[in-house]
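Scroll down for the structure; my scribbles are underneath it.
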Amino acid sequence: MGNRNHLKPVRDNFLVFGSPAIGEDEIDEVVSCLRSGWLGTGPRVAQFERDFAAYKLVDNTHVAAVNSCTAALHISMIAAGIGPGDEVITTPMTFCATVNAIIHSGATPVLADIDPLTLNISPEMIEAVITPHTRAILPVHFAGRPCEMDAIMTIADKHGLKVIEDCAHAIETEYKGKKAGTIGDFGCFSFYITKNIVTGEGGMVLARNLKDIERMKILALHGMSKDAWNRFSDAGYKHYQVVECGFKYNMMDLQAAIGIHQMKRIKSYRERREEIWSLYMDKLSGLPVTLPAPVNEDQVHAFHLFTLQIDDNECGISRDEFLSGMTEQNIGIGVHYMSIPEHIYYQDRFGWRPEDFPNAMKIGRQTVSIPLSAALTDTDVENVITAAKNLL
Ligand SMILES: *Cc1c(COP(=O)(O)O)cnc(C)c1O
């Protein structure tokens, strides 16, 4: 390991982490959208909503396209009636947007540590932090592996809590035959560039209750009583009323133009990621790293992230040295995630310390995500494996 600073690249160009697979159909559709003169929320968004609802086996009146998963989480909080004085339980092993959405609603986030094997929020830990102020649970299906939803729903029923699923990693995820995002009261999805299906920026919210989704559509467009599609359709001008103080969270047709073609390849993309996943499991199995836990028989994993845990005692190299070693070799990597209490803002505001959530802290300090995208060629995958082996 003495020559760690002098590693040669395993390839000429840098392999960008999480680069999406974009087809000619997306490009053509974006061009026709531009030529149509209708760039904003319109027929392509409506199409994307119908396609997504069909994929999730829900009626299309129960979904709303928005401009991010963060927006979806935020308006789910509001529709769930969550506000100041309320507590929402979530995981310390997530992207900051999950926790920020709770804070933006005025509620207080409460963390429950993860199961070190699945990296998902632990139902026992949830029970341990419930108080009379708890109003909701916000589980994150980490890396695409479903949370223990039976246990979580039982806890929610027992305490009268709402469940908002953060499905940013979990578009294809299923738990015991149920699709992620349809198990709790709300499901929030992301189509950010690194996610399994992309629209550039984009999101979708799915609600069990029709009243909730109707309110969210209003919240997502300034609080206006009729959305722009209805207002500007060829049915003629309609006056609108502002019925509450909403947000600017609507998706554009330009974004949906990408999404409707991505949705057609959702199955083949997942198959390709599963293939890469299996290759990594096979080729990296002899190394002194912890690989992802096996996938349960009664679950569909979305294969969003492939994580390695680098324990410097066993690897002779720290996680951060591994990160720079991969970068030096022209392989892009990611960290998902440093645990939420590692960030200064949450420490200052809530007094959280990483040590209070030891499983998330340990994983957060050891984890590395290696590329797992349908866009990867066999050579790309080989390069990643070679680069990792060079370091370990
Ligand atoms: C990406 C991500 C989000 C935010 O998604 P955006 O669409 O970028 O707002 C939220 N939660 C998790 C777990 C994520 O990975």
(request) Please state whether the rings of H104 and H74 are parallel, tilted or perpendicular, taking 30° and 60° as the class boundaries. (result) tilted
(message) So which atom in V198 and which in Q262 form the shortest heavy-atom distance, rounded to 0.1 Å?
(response) N-OE1, 3.0 Å
(message) Do T94 and L138 make a side-chain contact, defined as non-hydrogen atoms from C-beta onward lying under 4.5 Å apart?
(response) no
(request) Work out which heavy atom in T199 is nearest to a heavy atom in G259; give both atom names and the distance. (result) CG2-CA, 3.7 Å
(request) Could you check if a side-chain atom of C188 sits within less than 4.5 angstrom of a side-chain atom of V205, using non-hydrogen atoms only? (result) yes
(message) I'd like to know if K211 pairs up with E214 as an ion pair, taking the criterion as any Lys NZ or Arg NE/NH1/NH2 lying under 4.0 Å from an Asp or Glu carboxylate oxygen.
(response) no
(request) Would you check if the side chain of Q329 reaches a backbone N or O of G325 as a donor-acceptor pair within less than 3.5 Å? (result) yes
(request) For residues M224 and I218, determine if any side-chain heavy atom of one lies less than 4.5 Å from a side-chain heavy atom of the other. (result) no
(message) Tell me whether the rings of H301 and W277 are parallel (<30°), tilted (30 to 60°) or perpendicular (>60°).
(response) tilted
(request) Report whether F17 and L323 are members of the same hydrophobic cluster (ILVMFWY, side-chain heavy atoms less than 4.5 Å apart, transitive linking). (result) no
(message) I need the single residue from R319, K362, M338 that forms a side-chain contact (heavy atoms from CB on, under 4.5 Å) with T367. Which is it?
(response) R319
(message) Hydrophobic clusters here meaning ILVMFWY residues chained together by side-chain heavy-atom distances under 4.5 Å, can you tell me if I22 and I171 are in one?
(response) no
(message) Determine whether V99 and T90 satisfy the following criterion, side chain to side chain contact (heavy atoms under 4.5 Å, CB included), listing intermediate values before the conclusion.
(response) CA-CA 7 Å; V99 176; T90 193; 4.1 Å; yes
(request) Please test E148 against N120 for side chain to side chain contact (heavy atoms under 4.5 Å, CB included), starting from the C-alpha separation and ending with a verdict. (result) CA-CA 8 Å; E148 289 298 327; N120 277 329; over 6 Å; no
(message) How long is the straight-line distance from OG of S105 back to CG of D86, given to the nearest 0.5 Å?
(response) 7.5 Å
(message) How about CG on L57, more than 12 heavy atoms from neighbouring residues, nucleotides or ligands closer than 6.0 Å, or not?
(response) yes
(message) Within the 4.5 Å heavy-atom criterion, are Y346 and I103 side-chain neighbours or not?
(response) yes
(message) Do M251 and V63 land in one hydrophobic cluster if side-chain heavy atoms of ILVMFWY residues count as linked below 4.5 Å?
(response) yes
(request) Give, for atom OG1 of T134 and atom CD1 of I89, the distance between the pair rounded to the nearest 0.5 Å. (result) 4.5 Å
(request) Just do the side chain to side chain contact (heavy atoms under 4.5 Å, CB included) check on D312 and E321 with the steps written out, would you? (result) CA-CA 9 Å; D312 50 3; E321 285 168 331; 5.9 Å; no
(request) Tell me yes or no: between the side chains of Q47 and R50, is some donor less than 3.5 Å from an acceptor? (result) yes
(request) Please confirm whether the backbone N or O of T182 pairs with a side-chain atom of R208, one donor and one acceptor, at under 3.5 Å? (result) yes
(request) Tell me, please, whether F189 has K195 positioned over its six-membered ring: NZ or CZ under 6.0 Å from the ring centre and within 45 degrees of its axis? (result) no
(message) Is it the case that the side chain of N60 and the backbone of A53 share a donor-acceptor pair, with hydrogens and angles ignored and the cut-off at 3.5 Å?
(response) no
(request) Heavy atoms only: give me the nearest V335-G364 pair and the separation to one decimal. (result) CG1-O, 4.4 Å
(request) Identify which one of Q347, R365, R353 satisfies the side-chain hydrogen bond (donor to acceptor under 3.5 Å, both in side chains) criterion when paired with E342. (result) R365
(message) Assigning hydrophobic clusters by single linkage (Ile, Leu, Val, Met, Phe, Trp, Tyr; side-chain heavy-atom cutoff under 4.5 Å), is M204 placed with V66?
(response) no
(request) Return yes when atom CD of E355 has more than 12 non-hydrogen atoms of other residues, nucleotides or ligands closer than 6.0 Å, and no otherwise. (result) yes
(message) For T173 and H141, which I'm curious about, is there any donor-acceptor pair between the side chains at under 3.5 Å?
(response) no
(message) Classify the ring geometry of F247 against Y249: parallel below 30°, tilted from 30° to 60°, perpendicular beyond 60°.
(response) parallel
(message) For F357 and W352, take the angle between the two ring planes, folded into 0 to 90°, and tell me which bin it lands in: parallel under 30, tilted 30 to 60, perpendicular over 60.
(response) perpendicular
(message) To the nearest 0.5 Å, what is the distance between CG on L117 and CD1 on I363?
(response) 9.0 Å
(request) Determine whether V140 and I121 make a side-chain contact, defined as any pair of heavy atoms from C-beta on separated by less than 4.5 Å. (result) no
(request) Please check if V289 and I276 belong to a single hydrophobic cluster, counting links between Ile, Leu, Val, Met, Phe, Trp and Tyr side chain heavy atoms closer than 4.5 Å. (result) yes
(message) So does A360 get a backbone contact from the side chain of D113, meaning a donor-acceptor N/O pair under 3.5 Å?
(response) yes
(request) Give a yes or no on whether the ring-centroid distance for Y280 and F303 is below 6.0 angstrom. (result) no
(message) Could you measure the distance from the SG atom of C315 to the CG atom of L392? Nearest 0.5 Å is fine.
(response) 5.5 Å
(request) Taking all non-hydrogen atoms of both residues into account, name the closest pair between Y269 and A21 and its distance. (result) OH-O, 2.8 Å
(request) Would you mind reporting whether M281 and P292 have side-chain heavy atoms less than 4.5 Å apart? (result) yes
(request) Using modelled atom types only, decide if a donor and an acceptor are shared between the side chain of N209 and the backbone of D185 within a distance under 3.5 Å. (result) no
(request) Would you indicate whether the side-chain heavy atoms of N296 and Y175 approach each other to under 4.5 Å? (result) no
(message) Do C147 and I152 have side chains that approach each other closer than 4.5 Å (heavy atoms only, starting at C-beta)?
(response) yes
(request) Using distance alone, with no hydrogens and no angle criterion, decide if E201 and Q255 have a side-chain donor and acceptor under 3.5 Å apart. (result) no
(message) To the nearest 0.5 Å, what is the distance between CD on E382 and NZ on K389?
(response) 10.5 Å
(message) If only side-chain N and O atoms count, and only distance matters, is there a donor-acceptor pair under 3.5 Å linking D59 with T61?
(response) yes
(request) Verify, without hydrogens or angle tests, whether K56 (side chain) and A180 (backbone) share a donor-acceptor contact under 3.5 angstrom. (result) yes
(message) Taking the ring centre of each residue, are F191 and F48 less than 6.0 Å apart?
(response) yes
(request) Please report the shortest heavy-atom distance between G332 and P371, naming the atom on each side. (result) O-CG, 3.3 Å
(request) Quickly, which of R273, R145, R265 forms a salt bridge (Lys or Arg N to Asp or Glu O under 4.0 Å) with E172? Name it, please. (result) R273
(request) Go through the steps for I155 and I130 under the test side chain to side chain contact (heavy atoms under 4.5 Å, CB included), then give the verdict. (result) CA-CA 10 Å; I155 296 168; I130 288 178; 3.5 Å; yes
(message) Distance check, rounded to the nearest 0.5 Å: T194 atom OG1 versus L305 atom CG?
(response) 8.0 Å
(message) Hydrogens and angles aside, do D380 and T377 bring a side-chain donor and acceptor to less than 3.5 Å of each other?
(response) yes
(request) Look only at the side chain of E127 and the backbone of E124, and say whether a donor-acceptor pair between them is shorter than 3.5 Å. (result) no
(message) So does R11 get a backbone contact from the side chain of N330, meaning a donor-acceptor N/O pair under 3.5 Å?
(response) yes
(request) Specify the closest pair of heavy atoms between P20 and A375, including all atoms of both residues, with the distance to one decimal. (result) O-CB, 3.7 Å
(request) May I ask you to decide if G181's main-chain N or O and E165's side chain share a donor-acceptor pair within less than 3.5 Å? (result) yes
(request) Mind telling me whether H169 and H304 have parallel, tilted or perpendicular rings, with 30° and 60° as the class edges? (result) tilted
(message) Looking at K176, is its backbone amide N or carbonyl O close enough to the side chain of D298 to form a donor-acceptor pair, meaning the two atoms are under 3.5 Å apart?
(response) no
(request) Report the residue from I333, I370, L376, N383 that forms a side-chain contact (heavy atoms from CB on, under 4.5 Å) with L15. (result) L376
